[in-house]
Structure formats: structure tokens, C-alpha cells
Amino acid sequence: MTTGADLRAIRKRKPLVHQITNYVVMNETANATLALGALPVMAHALQEVEEMASAASALVLNIGTLSDDWVEAMLLAGRAANRAGAPLVLDPVGAGATRYRTETSRRLLRDLDVAVVRGNSAEIATLAGRAAEIRGVEAVGAAGGPELARDAARALGCVAAVTGPVDHVSDGEQTISVSNGHELLGTVTGTGCMSTAITGCFLAVRPDDPLEAAVEALVAFGVAGEEAAKKAKGPGSFHVALYDALYGLDPDKLDKQAKIQ
Amino acid sequence: MTTGADLRAIRKRKPLVHQITNYVVMNETANATLALGALPVMAHALQEVEEMASAASALVLNIGTLSDDWVEAMLLAGRAANRAGAPLVLDPVGAGATRYRTETSRRLLRDLDVAVVRGNSAEIATLAGRAAEIRGVEAVGAAGGPELARDAARALGCVAAVTGPVDHVSDGEQTISVSNGHELLGTVTGTGCMSTAITGCFLAVRPDDPLEAAVEALVAFGVAGEEAAKKAKGPGSFHVALYDALYGLDPDKLDKQAKIQ
Amino acid sequence: MTTGADLRAIRKRKPLVHQITNYVVMNETANATLALGALPVMAHALQEVEEMASAASALVLNIGTLSDDWVEAMLLAGRAANRAGAPLVLDPVGAGATRYRTETSRRLLRDLDVAVVRGNSAEIATLAGRAAEIRGVEAVGAAGGPELARDAARALGCVAAVTGPVDHVSDGEQTISVSNGHELLGTVTGTGCMSTAITGCFLAVRPDDPLEAAVEALVAFGVAGEEAAKKAKGPGSFHVALYDALYGLDPDKLDKQAKIQ
């Protein structure tokens with residue numbers, strides 16, 4: 001693992017991470033990106049997404065509050081990022097909850113070269129063609145195990161990162177589990193979206209190894225969650241401490257703090 | 001009062017509360033919903049609002065940053081919720097400030113079966129056909145008394161919840177006043193919108209008694225505000241403590257903490 | 001300097017500050033406005049922006065997540081504010097990063113009577129016709145000195161406020177530097193946008209002296225940043241403390257706390 005070294009690279013290079021994401025978490029993912037050490041930019045206009053994506057080191061697409069114009073912008077930006085060689089991470093928020101979300105996720109995965117898809121077990125299971133139960137944007141019922149990540153990676157042709165109490169990340173061959181994190185992450189909206197944005201940050205400095213980048217992102221975000229929980233009295237103070245913890249992540253300790261298997 | 005029992009029901013059942021709300025407070029109302037114990041989902045695309053609203057236990061409509069597509073989505077979602085029997089709460093943010101807001105609020109009230117309308121005294125007075133003074137989205141001048149809530153409930157044919165230093169909730173027959181809360185609530189944007197979202201949560205477990213649900217929501221939110229104020233040094237720390245307090249609400253104490261009349 | 005007196009006027013009169021701003025920071029600029037003591041309102045629908053702008057004491061235009069409908073709304077609102085005599089502050093977020101942002105900023109400056117343009121050195125340099133380097137929405141490379149503010153003010157025909165480690169504000173004749181602030185401001189997204197909103201608040205009570213209003217806003221915001229930093233452990237706790245500090249600004253001390261030259 002080179003999580004510490006890659007965090008150092010993020011802080012040194014300050015890569016631009018272009019995000020087309022949902023209204024609910026825009027501020028949150030921008031702040032998480034900034035706290036980690038990268039530079040976020042939000043831009044969704046059809047007139048500028050190609051230009052912005054071409055200048056970025058990674059692209060984050062998140063369908064949490066999608067509509068047709070935004071999907072069109074995601075496709076334009078995604079193709080521009082693909083042409084420029086910038087890696088792309090997709091967050092299929094609510095796939096399985098409505099047909100529109102499921103079909104949009106499938107379209108983005110089909111039309112774009114996606115490096116990593118990051119979602120909860122219900123979202124990823126839906127995209128992998130399995131039965132899944134989702135309530136709004138929350139997975140309910142049994143969590144997906146490592147085989148869900150592996151099967152999804154094979155079915156979708158990209159790295160699949162399935163997050164939950166334990167995260168499972170797979171490229172279809174190798175599957176790695178990350179046990180970092182804290183249950184308070186489930187009490188704040190957009191923490192999943194933040195982990196996707198953080199994945200974009202690590203992809204920006206690790207474009208050639210999306211499996212490693214995705215694992216490192218979940219380690220870093222999970223460790224920050226553990227640190228934040230120590231100071232939290234509930235979801236509000238946890239949310240605040242999470243940004244402090246991302247900012248305070250110690251590259252020298254990170255690889256030792258990682259709980260991976 | 002059964003506020004404690006209904007809070008327990010929310011936390012146990014985790015009802016899905018579909019919210020079509022304004023850009024300013026989306027994150028805030030989602031987090032308030034989650035901190036209380038319910039599951040929020042934001043979705044506004046014409047292609048999916050009916051499907052999402054049909055799956056939800058309550059629908060929250062908030063016109064704080066309206067535009068035509070969003071109003072159309074509110075109507076579609078509202079009709080779907082009505083058909084599915086899911087209760088609906090409307091927040092007519094800024095009614096009275098512009099004709100567009102006033103007319104949109106009236107249209108939603110006319111075309112949909114609204115269980116509760118929750119607003120400040122100027123917004124509710126406008127909709128009840130009274131003179132009112134509003135500056136942007138803030139009521140200025142005299143606060144509405146219990147008779148405003150009663151008259152509005154009669155005029156609009158639904159429960160009216162008029163919030164302010166003291167809240168008044170009426171179904172046109174019975175009028176209940178809630179004195180919980182704290183003046184710091186007025187220093188953070190979107191606390192009114194949060195109280196509407198919380199109303200949606202209580203409606204989800206009390207669909208047959210919107211008067212009771214609206215009162216319980218204002219009690220719970222007001223008690224959380226009181227608890228948060230104990231730890232606050234200003235609007236920022238109050239805002240954070242508010243989520244902690246919603247999360248920490250004690251069902252065993254809530255009915256004793258209620259200041260209702 | 002009359003920063004203290006003008007802050008007192010804001011708190012007493014509670015001017016309405018209409019903001020058409022980006023999705024990322026809407027909640028943040030609304031809360032900063034409210035914490036300072038003014039009343040924010042967000043409205044972007046073509047049907048209502050003229051009515052809302054006409055009722056406001058100042059208008060804030062921010063292109064951080066622009067699209068065509070929003071630009072059209074900004075033009076409508078801007079013309080209404082101009083007709084009503086309400087001062088207008090423009091935040092050209094990301095000018096220089098994409099042609100769309102650069103051209104939109106130029107169009108707003110050309111078609112509207114702008115009192116103050118507030119941006120980072122790369123954004124302002126772009127608009128002044130100089131070479132500039134911007135990464136997303138962050139200026140990289142050399143900061144602009146006082147001559148950038150002066151030249152931009154002359155070129156654009158309005159007060160230019162160039163913020164950075166030291167802020168420079170100029171009307172083309174007189175140039176004032178403000179050294180208040182703290183480096184943690186750079187770790188939270190939207191602090192530039194907040195300073196623009198605060199500029200709108202001071203313009204609301206100082207419509208005839210935009211140079212003075214812009215300087216006072218940067219002093220007030222900078223002092224709040226200094227106070228917040230004392231309690232911060234990172235970007236999250238700093239962000240929270242910033243609202244507390246804006247709320248707690250002491251008009252009696254503010255002019256002594258100012259670091260201007």
C-alpha cells in the first residue's frame with residue numbers, strides 16, 4: 001500500500017478534480033476534496049464541461065439529483081475526460097430506486113470509459129443485474145460481500161467499489177476489503193458521495209491503477225471517519241470533525257492505520 | 001401527546017421521505033431527516049418523481065428556489081403521493097414576496113391534497129388572503145396568533161402550521177400552540193425548511209392525524225433547538241449542535257419537554 | 001473607516017440582499033449574510049427575479065455554476081436592480097478557466113452597472129485583459145498586487161476587489177490594501193463567495209461609496225476569519241467558527257481591528 005505516498009502527491013500537486021454531482025452534496029464533496037488537499041471544481045453547463053474536464057486530472061460523475069441536461073453534460077464531460085486520459089469515477093446514486101437512475105447509470109457505464117464505479121451494495125447489485133433492495137438512496141437488507149464487488153467488476157468492465165460496514169473493491173481478479181470507517185458515517189448525508197470524490201482525488205495521482213486508487217481512497221476516508229468519531233457527539237459534530245480529520249490525515253501513519261485484507 | 005412514541009416509530013421504521021426542495025437547504029433538510037431517524041431522498045426529474053413519490057411514506061414540497069420545471073415536478077410527485085395515500089406537506093417559502101411564489105403556492109394547494117402547510121406568519125397570511133409583510137423570505141412585523149392558523153386552515157382546507165417565536169397549528173377546529181424552540185433558530189438559514197422536513201417525517205408515521213403530526217414535529221424540532229442552544233456560541237455552532245440534538249432526542253423525555261397549549 | 005458604524009446599520013436595518021449564486025455555496029452565503037445581520041434571499045426564476053431584485057437593497061451575482069437560464073436571470077435581475085438604484089456586486093468565479101465563464105463575466109460587466117467586482121487575482125486579471133493562470137476556480141502562481149486592482153478598476157469602470165493573502169481594492173484612483181484574514185480561509189470552499197455576499201451587505205448600507213463598502217466588507221470578513229482561526233482545528237471547525245465570528249463581530253472594535261493601508 002502506498003496510501004501515504006499518494007496522499008503526499010495529492011497535497012503536493014493539488015490536482016484539479018472536476019465534479020458533476022448532485023445538489024445535495026456539492027458543498028460537501030468540494031470541501032472534502034479541498035480538505036484532503038486537491039482542488040475541486042463544479043461545472044455542469046453544456047458550453048463548458050468539455051473544456052473543464054479536459055483541464056482536470058480526474059472527473060467525478062454523480063447522479064444523485066439527475067435531470068436530462070445534467071446527464072447530457074456528464075456524457076460530454078466524460079468523453080472529454082476519456083479523450084484527455086483523465087480517469088473517471090461514477091457514483092450511481094439511487095440506481096435501482098427508479099428506472100431513470102438505473103438506465104442513466106447503465107448508459108454512462110456503456111458510453112464512457114469508467115475507471116471506478118463506487119456505490120452501496122444495492123446500487124452496485126442493480127447494475128450487476130442482481131436483485132437488490134433500495135429505499136431511496138439507502139441499501140436495505142443484506143450487505144454485499146466481496147463476491148458482489150468481483151462480479152460487478154467483471155460485468156461492468158471496471159473497478160467496482162462497494163461500500164458499507166466493510167468495503168469491498170475489485171477489478172474482477174483481485175478483491176480487497178477495507179474495514180476502516182465508523183457507523184456515524186451513515187448518519188450524515190453525502191458521505192458516500194464524499195468517498196467517491198476522494199476516489200477521484202486518488203485516481204488523479206494514480207490514473208494507471210484504479211484498484212489501488214479506490215482502495216487508498218476508502219482507507220483514507222475511513223481513517224478520517226474513525227478520527228472524527230472520537231470527537232463527535234452526533235451527526236453534526238461528526239460531520240465537522242470529518243473535514244478536520246481529512247485535513248489532518250498523516251501520510252506517515254496512513255498505511256499503518258489501513259485495515260485491508 | 002405521543003411525540004415520544006412516534007419518534008420511536010420513525011427510528012424503527014425509517015420511513016422514506018421524498019423531498020422536492022430548494023437548493024439552499026437540500027443538504028440541511030436531508031441531514032435533519034437523517035438525524036431524526038428517517039430516510040431522505042431528493043429527486044426532481046420529471047422522469048422519476050412519480051416513481052419515487054409512490055415509494056415514499058411522505059412527500060415534502062418546498063418552493064424556496066422554484067422554477068417551472070420544478071413546479072411541474074412537484075405537481076407530478078404530489079399527484080402520485082396522493083394516489084398512493086402518502087401524506088404531503090407544503091412549505092410556501094416566500095409566498096407574498098413575489099407573485100410567482102404566491103401563485104405557485106396557491107396552485108399546489110388547489111391541485112393537490114395537502115395534509116399540512118407549514119410557513120411563517122407572512123407566508124400563511126398571504127395564502128389565507130390577509131395582508132402581510134415579508135422581506136424576501138422573512139416575515140416582518142406582527143407575528144400571527146392562533147387565529148391566523150385557524151383561519152388559514154379553514155381557508156385552505158388543510159392543517160396550517162404557522163411558526164415563529166410561538167408556533168400555532170390548527171385544523172380549523174382545534175388550535176394548538178407550541179412554545180418550544182430558541183431564538184438562535186432565526187440566525188440559521190433553512191431552519192423553517194428543516195421543520196417542514198421533520199413534519200414530513202412525523203406525517204410518515206401518523207398519516208391519519210396531520211394536526212398531531214405537525215404539532216409533534218414542532219415539539220421535537222423545538223426541543224432539539226433548545227438543546228442545541230445550550231452548546232452554541234453563535235449560528236455556526238448552533239447549526240452543528242442542532243443535528244446532534246435531533247439525533248439525541250430522547251423519546252422517553254419528549255412528551256414532558258413539550259410546551260404545548 | 002466606518003466599518004463598525006456600517007455593521008451597526010446592517011444589523012439595525014436588516015437589508016434584503018438578493019443573491020443569484022452558485023449551487024455549491026448557496027447555503028454558505030445565505031448563512032454568512034444572516035450571521036452578519038442582513039437578510040439573504042435566493043431567487044433565480046425568470047418570472048420573479050425582477051420583482052425580487054426591485055425589493056432588495058443590493059444584488060449579488062455569482063457565476064460559480066452558471067448555465068444559460070441563470071445568466072439570463074442575472075441580466076434581468078441586474079437591470080431591475082440598476083433601475084431601482086440597488087448596488088450590484090459581481091463574483092466572476094472561474095473567469096479564465098473556461099471561455100463560457102470569461103465571456104459571461106464580460107457580458108455582465110458590459111450590460112449591467114456593476115458597483116464592485118470581487119474575485120481572485122486570476123479571475124480579475126483575466127477580465128482586465130492580462131495573462132493569468134487559474135486551476136478550476138483557484139488562482140495559481142503569483143498573486144496580484146495593488147496595481148492589478150487599480151488597472152482592473154480602470155479597465156472595467158467599477159471598483160475592483162482582488163482578494164488573496166492580502167486584498168487590494170481600487171476604484172482606479174485610490175487603492176486600499178486589507179491584510180485581515182487567515183490562511184484557513186483557503187481550505188474551505190466558498191469563502192470567496194461569502195466575501196462577495198458580505199460585500200453586498202455593506203453595499204446595501206453604503207450604496208454611494210462602493211470603494212469604502214468593499215474595503216469594509218473585507219475587513220469584517222477578514223477579522224471574522226482571524227477570530228474563527230483561534231478556535232479551529234481544521235477546515236471543518238474553522239467553517240463553523242466563521243459563522244459564530246461573523247455573528248459576534250463587535251462594531252466597537254472593528255475599526256481598530258482593521259489592517260488597512
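In what follows, chains carry the letters A, B, and so on, assigned in the order in which the sequence lines appear, proteins first and then strands, with residues in each chain numbered from 1.
- Taking all atoms of both residues into account, the shortest heavy-atom contact from Ala45(B) to Ser67(A) is CB-CA, 4.3 Å.
- Rounding to the nearest 0.5 angstrom, the gap separating the CG atom in Leu36(B) from the OG1 atom in Thr187(A) is 12.5 Å.
- The neighbour count for Lys259(B) NZ, taken as heavy atoms of other residues, nucleotides or ligands under 6.0 Å away, is above 12.
- Nearest heavy atoms, Asn27(B) versus Val24(A): ND2-O, 2.8 Å.
- Rounding to the nearest 0.5 Å gives a distance of 4.5 Å between NE2 of His44(B) and OH of Tyr23(A).
- Ranked by heavy-atom pairs shorter than 4.5 Å toward chain A, the options Leu34(B), Val41(B), Asp69(B) are led by Leu34(B).
- Contact annotation for Ala55(B): neither backbone nor side-chain heavy atoms come within less than 4.5 Å of a heavy atom of chain A.
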Please walk me through it: do His239(A) and Val240(B) pass side-chain contact (heavy atoms from CB on, under 4.5 Å)? CA-CA 8 Å; His239(A) 192 173; Val240(B) 171; over 6 Å; no
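- The heavy-atom pair separating Ala97(A) from Glu51(B) by the smallest distance is O-OE2, 3.9 Å.
- Between Val188(A) and Asn31(B) there is a side-chain heavy-atom pair separated by less than 4.5 Å.
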side-chain contact (heavy atoms from CB on, under 4.5 Å) between Tyr100(A) and Val49(B): does it pass, once the steps are laid out? CA-CA 10 Å; Tyr100(A) 186 44; Val49(B) 285; over 6 Å; no
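- Ranked by heavy-atom pairs shorter than 4.5 Å toward chain B, the options Gly94(A), Gly136(A), Gly64(A) are led by Gly136(A).
- At a cut-off of 3.5 Å, with distance as the only test, a side-chain donor of Ser237(A) or Asp244(B) sits close to an acceptor on the other residue.
- Contact between Tyr247(B) and Gly234(A) at its shortest, heavy atoms only, is CD2-CA, 4.1 Å.
- Between Arg101(A) and Glu48(B), at least one side-chain nitrogen of the basic residue sits less than 4.0 Å from a carboxylate oxygen of the acidic one, meeting the salt-bridge criterion.
- Exactly one of Thr104(A), Thr98(A), Asp68(A) qualifies for a side-chain contact (heavy atoms from CB on, under 4.5 Å) with Gln47(B). That residue is Asp68(A).
- Neither the backbone nor the side chain of Ile63(A) has a heavy atom closer than 4.5 Å to any heavy atom of chain B.
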